[in-house]
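The structure displayed is predicted, hence computed values, not measured ones. In this chain, residues are counted from 1 in sequence order.
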Amino acid sequence: MTTLTLGKAMNEGLRKAMENDPKVLVMGEDVGKLGGVFRITDGLMKDFGEERVIDTPLAESGIIGTAIGLALRGYRPVCEIQFDGFVFPAADQIITQLAKMRMRSLGAVSLPVVVRIPCGGGIGAVEHHSESPEAYFTHTAGLRVVACSNPVDAYSMIQQSIASPDPVIFFEPKRRYWEKAEVDVDSSDWTPLHQARVVQPGDHVTVLAYGPSVKTCLEAAAAAAEEGRSLEVIDLRSLNPLDLGTVVDSVNRTGRCVVVHEAPVFSGFGAELAARITENCFYRLESPVLRVGGFSTPYPPSRVEDHYLPDLDRILDAVDRTFGW
């Protein structure tokens, strides 16, 4: 077992994938000599060379477009988008090309491209650096969308995503990059990429989260336990495809559910979760599925982002409200 930060676990996962498959390439803005703005690709250019770790121009559409061409020729590109808010110039390539090619070719062509996106707030950044754009991509058929929340998953999920025959949007919680955990870098006994995980068993309320919100929900569960309430926290890990079975089994048992994410609540991914749970657990629910998330405003200046992001108090308030019906 090795103690790694989430960021270092990403680095080691990328390194392992590049060692195992010479067709794996890393590309993006400043990923080479600088090692990425968060140093996730630090040292990879030195070890694998400039032909496999490519510093690209500041042009996200060009990055994804080039990756599509490389994938068509048998490579497995891993593209880094420096910050979540920078992905939108590449949206055309991702949505109209990357997601559609397999269907368009009747399955003859696959595009094994991974698009890494540091996501979420909490780092005191400026505008366009703290977005949570997952709903845009979960809504796009043809893309797999996953989100890691801890170093263990960061290490395994990036390797599983690179091995996928389909394009994967890979969300990384940037405010968790420096958090540490024990990682077995020699093991390949991993949780399947698209399987959710119960990270805190409980009996009274199911709390669903992914990415940066998982730790916040675990903190809320610890606080609720002091008041005699047992929260079951589920890390979804995969947003598309969704492991609905794990979610339904939990909600059918607890009868209550709270969904937490940093993106705005209105039309956010939590709305899909609430609808699916209502359809599948209607006769077991003791209260409506409640959502806790960002407000329907652009992400605020860093001095007030704490008021925007879901915190322990807002999660516990939603838990309390589930007992009001």
Side-chain angles (χ1 to χ4, degrees), residues 119-121 132-139 145 147 149 171 194-297 299 306-325:
C119 68
S132 297
E134 61 270 14
Y136 294 104
F137 300 112
T138 58
H139 185 69
V145 182
S149 67
F171 284 106
H194 299 297
Q195 181 176 312
R197 181 188 294 124
V198 177
V199 292
Q200 174 66 56
D203 299 317
H204 298 154
V205 182
T206 298
V207 180
L208 305 179
Y210 52 89
S213 298
V214 173
K215 181 179 180 181
T216 311
C217 291
L218 287 172
E219 293 170 348
E226 297 179 0
E227 300 175 355
R229 283 183 176 161
S230 174
L231 308 188
E232 177 149 295
V233 180
I234 296 179
D235 182 352
L236 294 176
R237 302 177 73 251
S238 176
L239 309 187
N240 190 13
L242 176 67
D243 179 8
L244 189 62
T246 298
V247 173
V248 168
D249 288 347
S250 176
V251 176
N252 277 339
R253 184 166 44 78
T254 64
R256 295 176 171 84
C257 184
V258 173
V259 180
V260 181
H261 55 59
E262 292 191 7
V265 168
F266 184 81
S267 292
F269 185 67
E272 177 67 21
L273 291 170
R276 293 292 186 100
I277 292 165
T278 301
E279 290 172 5
N280 286 274
C281 308
F282 184 77
Y283 291 107
R284 297 292 188 89
L285 285 170
E286 300 290 343
S287 70
V289 179
L290 299 184
R291 292 170 288 159
V292 181
F295 303 108
S296 293
T297 66
Y299 196 89
D306 287 347
H307 298 286
Y308 177 90
L309 293 170
D311 59 11
L312 185 147
D313 288 337
R314 287 172 59 193
I315 295 170
L316 292 179
D317 175 70
V319 168
D320 288 343
R321 286 188 284 124
T322 65
F323 288 90
W325 275 270

Sidechain-backbone polar pair: Arg237 side chain, Gln195 backbone, donor-acceptor under 3.5 Å:
yes

Passing option when Val292 is tested against Val259, Val319, Val258 for side-chain contact (heavy atoms from CB on, under 4.5 Å)
Val258

For Ala263, enumerate each residue passing the side-chain contact (heavy atoms from CB on, under 4.5 Å) test, keeping only those at least two apart in sequence or located in another chain.
Ser132, Glu134, His261

Only counting residues at least two apart or in another chain, list the ones meeting side-chain contact (heavy atoms from CB on, under 4.5 Å) with Ser296.
Phe266

If you take all heavy atoms of Gly121 and Glu262, which pair is closest and at what distance?
N-OE1, 2.9 Å

Of all heavy-atom pairs between His194 and Ser238, which one has the smallest distance, and what is that distance?
ND1-OG, 2.8 Å

Less than 4.5 Å apart, any side-chain heavy atom of Phe295 and any of His307?
no

Is the shortest side-chain heavy-atom distance between Phe137 and Asn240 below 4.5 Å?
no

What is the minimum heavy-atom distance between Ala221 and Val233, and which atoms define it?
CB-CG2, 3.9 Å

With rounding to the nearest 0.5 Å, note down the distance linking CD1 in Ile234 to CZ in Arg197.
12.0 Å

Closest heavy-atom pair and its distance - Ser230, Gly202
OG-CA, 3.0 Å

Show which side-chain atoms of residues 268-281 pair as donor or acceptor with protein atoms under 3.5 Å away, not counting sequence neighbours.
{"from": "Glu272", "atom 1": "OE2", "to": "Arg276", "atom 2": "NE", "distance (Å)": "2.7"}
{"from": "Glu272", "atom 1": "OE2", "to": "Arg276", "atom 2": "NH2", "distance (Å)": "3.3"}
{"from": "Thr278", "atom 1": "OG1", "to": "Ala274", "atom 2": "O", "distance (Å)": "2.7"}
{"from": "Asn280", "atom 1": "ND2", "to": "Arg276", "atom 2": "O", "distance (Å)": "2.8"}

Separation of Arg256 CZ from Phe323 CZ (nearest 0.5 Å)
4.5 Å

Under a 4.5 Å cut-off applied to non-hydrogen side-chain atoms, are Thr138 and Leu242 in contact?
no

Listing, residues 211-220 side-chain donor-acceptor contacts under 3.5 Å, not counting sequence neighbours, or none:
{"from": "Lys215", "atom 1": "NZ", "to": "Glu179", "atom 2": "OE2", "distance (Å)": "3.1"}
{"from": "Thr216", "atom 1": "OG1", "to": "Arg176", "atom 2": "NH2", "distance (Å)": "3.2"}

Determine yes or no for a side-chain-to-main-chain donor-acceptor pair under 3.5 angstrom, with Arg229 supplying the side chain and Ala223 the backbone.
no

Test log, rule side chain to side chain contact (heavy atoms under 4.5 Å, CB included), inputs Val251 and Leu208:
CA-CA 10 Å; Val251 176; Leu208 305 179; 5.5 Å; no

Residues pairing under side-chain hydrogen bond (donor to acceptor under 3.5 Å, both in side chains) where one sits in residues 241-254, two or more places apart or in two chains, turn out to be Thr206-Ser250, Thr206-Thr254, Glu232-Ser250, Glu232-Arg253, Asp243-Thr246

side-chain contact (heavy atoms from CB on, under 4.5 Å) involving Ser267 - partner list, sequence neighbours excluded
none

Between Tyr299 and Tyr308, how do the two ring planes meet: parallel, tilted or perpendicular, split at 30° and 60°?
perpendicular

Between the side chain of Ser287 and the main-chain N/O of Thr322, is any donor-acceptor distance below 3.5 Å?
yes

